[in-house]
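Before any comments, here is the structure.
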2 protein chains.
Amino acid sequence: MPVTLKDIAKKVGKSVTTVSRALHGYDDVSPETSALVRKVADEMGYTPNIIAQRLQKQHTDTIGFILPTFGPRFSDPFFSEFLAGIGNKAAKLGYDLLVSTHPPGDDELKAYRRKVQSYLVDGFIIVRTRRKDPRIGYLCQTDFPFVAFGRTENSCDFPFVDEDGELGMRLIAHHLADLGHQRIAFIAAPDELMFAHYRLKGFKNGLSEKGVRLEEKMIVTGDLTQRDGVKQATMLFDLPNPPTAIAACNDLMALGAISAAQKRGLRVGKDIAITGFDNIPLAEHSHPSLTTIHQPIYQIGDMVCEMLIRRIKEESIEAEHTLLEPKLVIRETSGGKL
Amino acid sequence: MPVTLKDIAKKVGKSVTTVSRALHGYDDVSPETSALVRKVADEMGYTPNIIAQRLQKQHTDTIGFILPTFGPRFSDPFFSEFLAGIGNKAAKLGYDLLVSTHPPGDDELKAYRRKVQSYLVDGFIIVRTRRKDPRIGYLCQTDFPFVAFGRTENSCDFPFVDEDGELGMRLIAHHLADLGHQRIAFIAAPDELMFAHYRLKGFKNGLSEKGVRLEEKMIVTGDLTQRDGVKQATMLFDLPNPPTAIAACNDLMALGAISAAQKRGLRVGKDIAITGFDNIPLAEHSHPSLTTIHQPIYQIGDMVCEMLIRRIKEESIEAEHTLLEPKLVIRETSGGKL
DNA sequence: ATTCTATTCCAAAACGTTTTGGGAGTCAAT
DNA sequence: ATTGACTCCCAAAACGTTTTGGAATAGAAT
């Protein structure tokens with residue numbers, strides 16, 4: 001049904017080879033033939049069969065991205081922006097994007113292995129790195145190109161982009177301490193997640209640098225959703241001696257904490273300080289607006305994608321390990337001094 | 001480098017044909033050979049080259065999804081959940097997902113054409129349908145399988161899932177009218193978007209059924225973002241005779257409107273009623289919580305994906321045109337009666 | 001007349017798989 | 001002895017492309 005090189009060849013009375021070479025602008029075909037071939041190809045509406053090209057060329061011009069979903073449902077303003085970042089860059093560089101969703105766990109690696117071994121993708125973008133990350137272990141060991149958004153404790157070397165979450169959370173800790181808070185709580189995320197680990201560490205260090213004690217019971221762990229932010233914050237408010245400030249590991253949970261506080265009749269930014277991390281678009285327009293750490297997620301997607309493609313093409317990468325400096329965005333929720 | 005059928009054939013001393021057929025469980029190969037082939041394939045770590053399979057089979061087991069991004073950046077809690085819906089279903093049915101981002105406009109069709117003509121995907125999922133939708137026109141005309149989330153005014157017949165936005169907005173209109181509001185505003189979205197069109201229409205009808213007048217100047221148009229919700233709501237509040245209720249075309253803008261109202265010192269749910277549409281996760285946990293219309297976006301993704309795959313496999317689809325009944329979720333922002 | 005160089009072309013192999021259309025052998029029934 | 005049925009196997013073609021390694025012709029230089 002569709003028109004192939006063979007059809008064109010028949011029409012112009014030349015070989016498939018010549019047609020192919022004409023279309024690719026080789027100089028061993030005469031200008032007249034070349035022009036004719038192009039004209040006919042155009043008229044017949046020829047488009048190359050990319051699958052056939054891929055089989056021949058042994059690469060796919062496609063990059064893989066497996067979304068680590070937690071639970072069947074999954075909603076995150078964060079990832080859509082990241083996806084836009086890599087998607088736009090990939091399109092610009094002529095790459096396709098093969099996206100899957102897969103919960104972390106047993107057969108997670110199978111999803112990667114299948115795509116690697118079947119030549120479905122030329123490289124991977126990894127997100128939500130974990131302290132011991134089997135995906136990274138696997139890809140390193142098979143020497144398959146990938147770039148990560150985030151670091152890991154695995155011992156192999158690989159290109160990544162990350163924001164310095166430890167420093168980011170120290171900025172938050174200093175900010176809250178400077179405001180005079182003494183009873184400060186932290187809504188952490190599962191320590192297995194590398195970024196959560198860094199952020200908790202940074203927060204602890206930041207507070208101790210300012211001589212503020214962080215009690216164990218003031219550290220709770222949420223699942224990064226707004227819903228859980230509400231729940232964890234509520235538990236903190238129920239403590240006999242509740243905190244005057246809550247730092248959440250991400251904006252979504254912070255937004256939940258705000259909601260929980262307001263439900264209690266607390267004036268956020270006055271009676272209670274709340275901070276987030278990520279600076280998602282919602283943070284600016286919440287009420288009160290959320291003090292947080294900015295993370296340029298679109299650009300990170302853009303950078304990661306470009307790095308990966310350079311690695312695939314075996315071009316040099318200027319900065320293999322990029323650690324972005326976090327910026328504190330002070331808004332209303334951290335509010336007036338006590 | 002990687003192990004192919006030929007390698008296995010050489011090892012077991014049989015032909016490539018036999019190996020292939022053994023691996024696929026054909027019954028014209030003896031049990032012993034079959035067992036041997038499987039064992040050797042396993043030992044050698046064979047994985048089929050999917051690209052080669054695709055070339056031969058002339059289909060790709062891949063479905064395409066082009067995200068219509070507006071502006072370079074793009075953040076929407078809505079789409080990530082939809083993506084999870086189609087991603088999970090596709091994985092379950094053995095399909096891959098090829099995702100691109102592309103702004104609506106001139107060369108949008110090129111992106112579709114390329115994927116269609118190069119056999120990169122077996123079908124498409126279309127979202128954010130427009131009144132005159134060139135994508136749908138193109139796919140209909142080429143008879144390429146696709147399923148849409150949303151309807152269109154194009155004259156061709158195709159399978160879709162949609163929520164009855166017209167009815168949804170009528171429910172909102174009735175709700176607000178029943179609460180006694182007389183000065184009601186509407187933050188619309190570009191009328192070119194089919195769902196925006198339906199929602200505005202439903203709102204108008206709903207109000208007139210209740211004998212409430214909707215002034216022209218009370219209808220403003222936003223770009224669906226929270227930021228623009230703030231802006232449009234602020235303009236409404238600046239009117240000489242501002243509204244007592246604002247219905248937004250989607251939750252994100254409603255959230256923005258809440259923020260704008262609170263900045264004015266208005267008590268949302270008391271001084272001003274605000275409603276949204278979509279029931280994104282954030283709606284439940286905003287403060288005050290948002291009255292809205294529920295849209296089961298994950299399930300819609302799931303359904304749409306399943307319909308598309310059935311259509312690709314030329315199986316029958318039980319319901320070609322699914323119009324989901326909207327449900328009103330009354331929360332705090334529509335608040336007490338006047 | 002022969003060799004050399006350019007120019008233009010192409011047959012065949014290759015990428016890895018599936019499918020088609022049999023072939024060879026065995027055993028039982030005629 | 002021939003036929004038929006059955007079991008197990010395989011060579012070759014096909015999918016559409018790119019690349020390899022020349023071949024054929026013509027004109028220029030010797």
Side-chain angles (χ1 to χ4, degrees), chain A residues 1-38 40-41 44-62 94 96 114-122, chain B residues 1-38 40-41 44-62 94 96 114-122:
Chain A
M1 198 61 221
V3 25
T4 71
L5 286 186
K6 210 199 282 187
D7 300 327
I8 302 178
K10 203 168 296 173
K11 191 93 146 203
V12 302
K14 301 276 150 128
S15 75
V16 170
T17 308
T18 302
V19 172
S20 172
R21 296 183 78 82
L23 256 18
H24 284 276
Y26 283 72
D27 64 355
D28 63 352
V29 24
S30 76
E32 302 83 52
T33 310
S34 187
L36 178 62
V37 165
R38 283 165 200 278
V40 170
M44 300 180 73
Y46 171 73
T47 347
N49 182 316
I50 296 192
I51 302 291
Q53 284 181 329
R54 286 180 180 176
L55 178 60
Q56 155 70 27
K57 299 255 208 87
Q58 299 287 74
H59 57 80
T60 65
D61 293 341
T62 301
D96 286 318
R114 170 170 172 272
K115 291 198 178 15
V116 168
Q117 298 186 336
S118 306
Y119 299 90
L120 276 180
V121 301
D122 289 345
Chain B
M1 196 63 220
V3 25
T4 71
L5 286 185
K6 210 199 283 187
D7 299 328
I8 302 179
K10 202 169 297 174
K11 191 92 147 205
V12 302
K14 301 277 150 127
S15 76
V16 170
T17 307
T18 302
V19 172
S20 172
R21 296 184 77 83
L23 255 19
H24 284 277
Y26 282 71
D27 64 355
D28 64 352
V29 22
S30 77
E32 303 83 51
T33 311
S34 187
L36 177 63
V37 166
R38 283 164 199 280
V40 170
M44 299 178 76
Y46 170 74
T47 347
N49 182 317
I50 295 191
I51 301 290
Q53 285 180 329
R54 287 181 179 176
L55 178 59
Q56 154 69 28
K57 301 253 210 94
Q58 297 289 73
H59 57 80
T60 63
D61 293 339
T62 303
D96 286 317
R114 170 170 172 273
K115 292 200 178 12
V116 168
Q117 298 186 338
S118 306
Y119 299 91
L120 276 179
V121 301
D122 290 344

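Throughout, protein chains are lettered first and strands after them, A, B, ... in sequence-line order, and every chain is numbered starting at 1.
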Contact class for B:Y46 vs. all strands (heavy atom < 4.0 Å): base, sugar-phosphate, or nothing?
sugar-phosphate
For residues 46-53 of chain B, dump all side-chain donor-acceptor pairs below 3.5 Å to protein atoms at least two apart in sequence or in another chain.
| residue | atom | partner | partner atom | Å |
| --- | --- | --- | --- | --- |
| B:T47 | OG1 | A:Q117 | OE1 | 2.7 |
| B:N49 | OD1 | B:I51 | N | 2.9 |
| B:N49 | OD1 | B:A52 | N | 3.0 |

Looking for any heavy atom pair under 4.0 Å, which part of the strands does B:Y119 touch: base, sugar-phosphate only, or nothing?
nothing
If the cut-off is 4.0 Å, is B:Q58 near the phosphate of D:dA14, judged by side-chain N/O to OP1 or OP2?
no
Among C:dT18, D:dC15, D:dC8, find the nucleotide with the atom closest to the side chain of B:P31.
D:dC8
Side chain of B:S20 only, heavy atoms from C-beta on: which candidate in C:dT18, C:dG16, D:dT17 is closest?
C:dT18
To the nearest 0.5 Å, how far apart are CZ in A:R54 and OG in B:S118?
9.0 Å
Give each protein N/O atom lying under 3.5 Å from an N/O atom of nucleotides 9-13 of chain D, with the pair distance.
| residue | atom | partner | partner atom | Å |
| --- | --- | --- | --- | --- |
| D:dC9 | OP1 | B:K14 | NZ | 2.8 |
| D:dC9 | OP1 | B:T33 | OG1 | 2.9 |
| D:dC9 | OP2 | B:S30 | N | 3.1 |
| D:dC9 | OP2 | B:S30 | OG | 3.3 |
| D:dC9 | OP2 | B:T33 | OG1 | 3.0 |
| D:dC9 | N4 | B:D28 | OD2 | 3.0 |
| D:dC10 | OP2 | B:S15 | N | 2.9 |
| D:dC10 | OP2 | B:S15 | OG | 3.4 |
| D:dC10 | OP2 | B:T18 | OG1 | 2.8 |
| D:dA11 | N7 | B:T17 | OG1 | 3.3 |
| D:dA11 | N6 | B:T17 | OG1 | 2.8 |
| D:dA12 | N6 | B:T17 | OG1 | 3.2 |

Quiz question: by atom type and distance under 3.5 Å, do the side chains of B:S15 and B:T18 form a donor-acceptor pair?
yes
Hey, are A:S30 and A:T33 close enough side-chain-wise for a donor-acceptor pair under 3.5 Å?
yes
Under 4.0 Å: is that the gap between some side-chain N or O of B:Y26 and OP1 or OP2 of C:dT18?
no
Is any side-chain heavy atom of A:V19 less than 4.5 Å from a side-chain heavy atom of A:V12?
yes
State, to the nearest 10°, the angle formed by the axis through the first five base pairs of the helix from C:dA1-D:dT30 to C:dT30-D:dA1 and the axis through its last five.
80°
I'd like to check A:Y26 versus A:S34 (side-chain heavy atoms, cut-off strictly below 4.5 Å). Are they in contact?
no
